[in-house]
Novice: 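Shown below is the structure under consideration.
Predicted model, so just to flag it, every value in this text is computed and none were measured. Numbers for residues simply follow the sequence, beginning at 1.
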Amino acid sequence: MSTEQTGPIEGFWTVIPAGGSGTRLWPLSRSGSPKFLHDLTGSGWSLLQGTVDRLAPLSEDRLLIATGLRHAPEVRQQLPELGIDSLLVEPSPRESMPAIGLAAAILEQRDPDAIIGSFAADHVIRDDASFRVSVREAIAVARTGRLVTIGIEPKGPATGFGYIKLGKPLDVEGAPSAHGVDSFVEKPDVETARSYLASGEYRWNAGMFVFRASMLLDMLDHYQPGLAGDLRAIADNPLRLTELWPRLTEIAIDKALAEPAAADGRVAVIPGHFDWDDVGDFDSLGSLLSDSIDGVKVLGNAEDVVAEDTTGVIAPRSGRVVVTLGVKDIIVVDTPDALLVTTRERAQDVKSVVQRLKSGGRGELI
């Protein structure tokens, strides 16, 4: 394993798209208070704060965060040292490509050769040093003109992630583990995921991308005609944001660029070997928390939980004491206005409950 180099990287910018509502973590995560604003690991920091801290040694204060109008005040409160020009406020959700593309258009004006790393605000990474080694390799490859992603070594045949098929090794100085990308693959079924794992040729797609700002926009102009022009127009005159934003294509960067560019041999991957989790549901959250004295995982004040002969995850957030007796792999999330009780096996299905609340006219709860 490579040891981490030290020092910031000249011309490297961190971009953090901070959006989504994390519906599988309801009722902790909600549309007005999504998961990236929460401490979900007991670290004392929100996931957003952890992401900023993880990347600061590489980019220092060269940072742009793209978030929604509703979340901007809390982002500023959590990051009081954030520069006035370091927060891009999206008028409405448009998926990841417009947000990342606008950041690239703004930074292209400041420095056409700027290298950008885009990293989600709501992921947990355990080995920061190993992560930064991978980012440094990705930057070296991005300087050659490719769109670069960091692929996560699969822990198992997961069906909740897209996959990246590794291509041939690349000969790029400063990036000894770089490969080309043969293709991006949609979320597979279990049998297909098992075959991917057995082959050793696939990595999880964690949505991490590194690229030269001008290259991304030129590539976007090729694969999504018109979108780059509108983004550059907003960067030229920010007063046009409200005029042009609603007509931008609502599309993720994977669909907009990564998939078609990979088919054309323009994408590279750095296989990452660090411990990564997207905290997608309460089951994965349970794997990040330590056992309490009673053997359950507690997110919050352990004194508010009395658990006997119980396993699972309990989040006491209402001020009440939560008592469990003789239940296995349970999930209890107690908030002032909503109580969730389910099992770790059904954790993925919490999203459907949120949809039911929405369709039932209980939008104030989500």
Side-chain angles (χ1 to χ4, degrees), residues 9-17 58-59 62-66 85 88 90 94-120 135-151 164 167 170-175 178-184 205 207-238 240-241 243-245 247-270:
I9 299 173
E10 185 176 354
F12 176 65
W13 286 76
T14 292
V15 170
I16 301 177
L58 300 180
S59 60
R62 294 184 297 275
L63 170 68
L64 286 179
I65 295 177
D85 295 327
L88 305 181
E90 307 166 54
R94 307 301 295 168
E95 289 278 5
S96 60
M97 189 70 258
I100 296 169
L102 180 56
I106 291 169
L107 294 177
E108 180 189 42
Q109 292 188 340
R110 301 181 192 179
D111 176 8
D113 292 324
I115 300 292
I116 295 171
S118 172
F119 305 94
V135 175
R136 287 182 184 275
E137 287 198 41
I139 291 168
V141 179
R143 294 193 192 281
T144 71
R146 289 181 185 249
L147 176 65
V148 190
T149 188
I150 298 175
I164 303 162
L170 300 177
D171 184 13
V172 177
E173 185 177 355
H179 283 69
V181 172
D182 278 354
S183 61
F184 285 79
N205 177 12
M208 303 178 186
F209 292 97
V210 181
F211 47 85
R212 180 179 283 119
S214 55
M215 180 281 300
L216 180 94
L217 291 161
D218 291 344
M219 192 179 283
L220 189 59
D221 200 38
H222 175 72
Y223 293 112
Q224 301 290 328
L227 183 51
D230 283 345
L231 293 169
R232 281 173 163 146
I234 294 170
D236 284 336
N237 182 3
R240 299 193 67 190
L241 177 64
E243 169 203 347
L244 296 176
W245 188 262
R247 79 182 198 189
L248 301 181
T249 305
E250 187 170 351
I251 190 170
I253 187 173
D254 306 73
K255 289 283 187 184
L257 284 188
E259 294 176 12
D264 291 340
R266 304 176 70 181
V267 183
V269 59
I270 304 298

Novice: Not counting sequence neighbours, which residues clear side-chain contact (heavy atoms from CB on, under 4.5 Å) with T14? List them please.
Specialist: F12, I16, L55, S59, L63
Novice: Among residues at least two apart in sequence or on other chains, which ones pass salt bridge (charged side-chain N to carboxylate O under 4.0 Å, His left out) with E259?
Specialist: K255
Novice: Which pair of heavy atoms, one from A66 and one from A99, lies closest together, and at what distance?
Specialist: CB-CB, 4.0 Å
Novice: Are E243 and D230 packed together at the side-chain level, in the sense that at least one heavy-atom pair is separated by less than 4.5 angstrom?
Specialist: no
Novice: Would you please name every residue forming a salt bridge (charged side-chain N to carboxylate O under 4.0 Å, His left out) with D182, sequence neighbours left out?
Specialist: none
Novice: Considering residues at least two apart in sequence or located in another chain, which fulfil the side-chain contact (heavy atoms from CB on, under 4.5 Å) criterion with A138?
Specialist: V148, I150, V210, I270
Novice: Would you call I106 and W13 a side-chain contact if the rule is heavy atoms closer than 4.5 Å?
Specialist: no
Novice: Which distance, rounded to the nearest 0.5 Å, do you find between the CG of L248 and the CD of E95?
Specialist: 13.0 Å
Novice: Given side chains that start at C-beta, do those of L107 and R62 come closer than 4.5 Å, heavy atoms only?
Specialist: no
Novice: Please enumerate all residues that pass side-chain contact (heavy atoms from CB on, under 4.5 Å) together with R266, with sequence neighbours excluded.
Specialist: M219, H222, Y223, A261, D264
Novice: Applying side-chain contact (heavy atoms from CB on, under 4.5 Å), can you list everything that pairs with D171, at least two apart in sequence or on another chain?
Specialist: none
Novice: Which atom pair, heavy atoms only, marks the closest approach of A262 to S183?
Specialist: CB-CA, 4.4 Å
Novice: Identify the heavy atoms of L227 and T249 that sit nearest to each other, and give their distance.
Specialist: CD1-N, 4.1 Å
Novice: With distance as the sole test, does R240 use its side chain to make a donor-acceptor pair with the main-chain N or O of A233 at under 3.5 Å?
Specialist: no
Novice: Which residues pass the salt bridge (charged side-chain N to carboxylate O under 4.0 Å, His left out) test with R146, sequence neighbours left out?
Specialist: none
Novice: Which residue pairs satisfy the salt bridge (charged side-chain N to carboxylate O under 4.0 Å, His left out) criterion with at least one member in residues 101-112, sequence neighbours excluded?
Specialist: E108-R232
Novice: What are the two closest non-hydrogen atoms of L170 and G180, and how far apart are they?
Specialist: CG-N, 3.6 Å
Novice: Which atom names give the shortest non-hydrogen contact between R143 and E10, and what distance separates them?
Specialist: NH2-O, 3.4 Å
Novice: Could you tell me whether the side chain of T149 and the main chain of F209 form a donor-acceptor pair under 3.5 Å?
Specialist: no
Novice: Quick check: closest heavy atoms across L216 and L147, and the distance to 0.1 Å?
Specialist: CD1-CD1, 4.3 Å
